[in-house]
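Quick caveat, the model's predicted, so the values are computed rather than measured.
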Amino acid sequence: MKYLILFLLLSTAACAQSGGESGAPSESPAPAAPPAYQNLSPDEFAARMQDGNVVILDVRTPGEVAGGKIDGAVELDFRDPDFAAKVAALDREPTYLVYCASGGRSSQTCELMSEAGFKKTYNLEGGYTAWKGR
């Protein structure tokens with residue numbers, strides 16, 4: 001059994017070095033894409049809020065928002081069935097500062113926005129919980 005596993009590993013390595021079964025040379029990996037968005041600490045997030053043409057996007061549920069929110073934030077419920085369509089309909093020019101309760105949904109939102117062509121998206125690390133604790 002050891003020899004069979006060793007044979008398979010060596011065969012796989014040899015195939016990979018020769019470019020696969022077709023004999024074509026192997027391609028070098030594509031360069032890593034730049035990060036789609038940037039995470040910001042609460043202090044960095046607050047500083048970005050002072051920039052021009054900024055939209056603060058709160059992606060928490062209405063129940064969560066009822067417990068408080070960042071002044072001026074636009075609410076867009078991540079759990080809304082039409083969330084992706086609503087995000088796609090947003091203007092792509094402003095800088096978006098996105099937050100949720102703890103950073104998970106907002107990071108997913110930033111990723112979705114980047115895939116949709118938004119160029120300036122920032123995620124609040126730790127979300128509203130971190131914001132309140134600053």
For the side chain of Lys119 and the backbone of Glu93, is there at least one donor-acceptor N/O pair under 3.5 Å apart?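 Between the backbone of Glu93 and the side chain of Lys119 there is no qualifying donor-acceptor contact (under 3.5 Å).
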Quick one: does any side-chain atom of Thr129 pair with a main-chain N or O of Ala101 as donor and acceptor, under 3.5 Å?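 Flag set: sc Thr129 to bb Ala101 pair under 3.5 Å.
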Derivation and outcome, side chain to side chain contact (heavy atoms under 4.5 Å, CB included), residues Ser107 and Tyr37: CA-CA 8 Å; Ser107 65; Tyr37 62 92; 3.3 Å; yes
Would one find more than 12 heavy atoms of other residues, nucleotides or ligands at under 6.0 Å from atom CG of Asn53?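 For Asn53, atom CG is crowded (more than 12 foreign heavy atoms under 6.0 Å).
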If you draw a 6.0 Å radius around CZ in Arg79, do more than 12 non-hydrogen atoms from other residues or ligands fall strictly inside?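 Check fails, neighbour count at 12 or below.
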hydrophobic_cluster_shared for [Y] and [X], side chain cutoff 4.5 Å:
{"X": "Phe83", "Y": "Val74", "value": "yes"}
{"X": "Ile56", "Y": "Leu76", "value": "no"}
{"X": "Trp131", "Y": "Tyr96", "value": "no"}
{"X": "Val59", "Y": "Phe118", "value": "yes"}

From [X] atom [atom1] to [Y] atom [atom2], the distance as rounded to the nearest 0.5 Å:
{"X": "Asn123", "Y": "Met113", "atom1": "CG", "atom2": "CE", "result": "11.0 Å"}
{"X": "Lys69", "Y": "Glu64", "atom1": "NZ", "atom2": "CD", "result": "13.5 Å"}
{"X": "Gln38", "Y": "Glu125", "atom1": "CD", "atom2": "CD", "result": "9.5 Å"}
{"X": "Leu57", "Y": "Glu75", "atom1": "CG", "atom2": "CD", "result": "10.0 Å"}
{"X": "Asp80", "Y": "Thr61", "atom1": "CG", "atom2": "OG1", "result": "11.5 Å"}

Can you check side chain to side chain contact (heavy atoms under 4.5 Å, CB included) on Val65 and Tyr128, steps first, answer last? CA-CA 10 Å; Val65 172; Tyr128 189 67; over 6 Å; no
Can you find a heavy atom in the side chain of [X] that is under 4.5 Å from one in the side chain of [Y]?
{"X": "Arg48", "Y": "Val54", "result": "no"}
{"X": "Leu97", "Y": "Ile70", "result": "no"}
{"X": "Tyr99", "Y": "Phe45", "result": "yes"}
{"X": "Thr121", "Y": "Ser114", "result": "yes"}
{"X": "Arg60", "Y": "Arg105", "result": "yes"}
{"X": "Phe78", "Y": "Gln108", "result": "yes"}

So which of Leu40, Asp58, Thr109 actually passes side chain to side chain contact (heavy atoms under 4.5 Å, CB included) with Val98?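 For Val98, the side chain to side chain contact (heavy atoms under 4.5 Å, CB included) check succeeds only for Thr109.
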Minimum heavy-atom separation for Leu112 and Ala84, please, with both atom names.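 Reported closest heavy-atom pair: CD2-CA, 4.1 Å.
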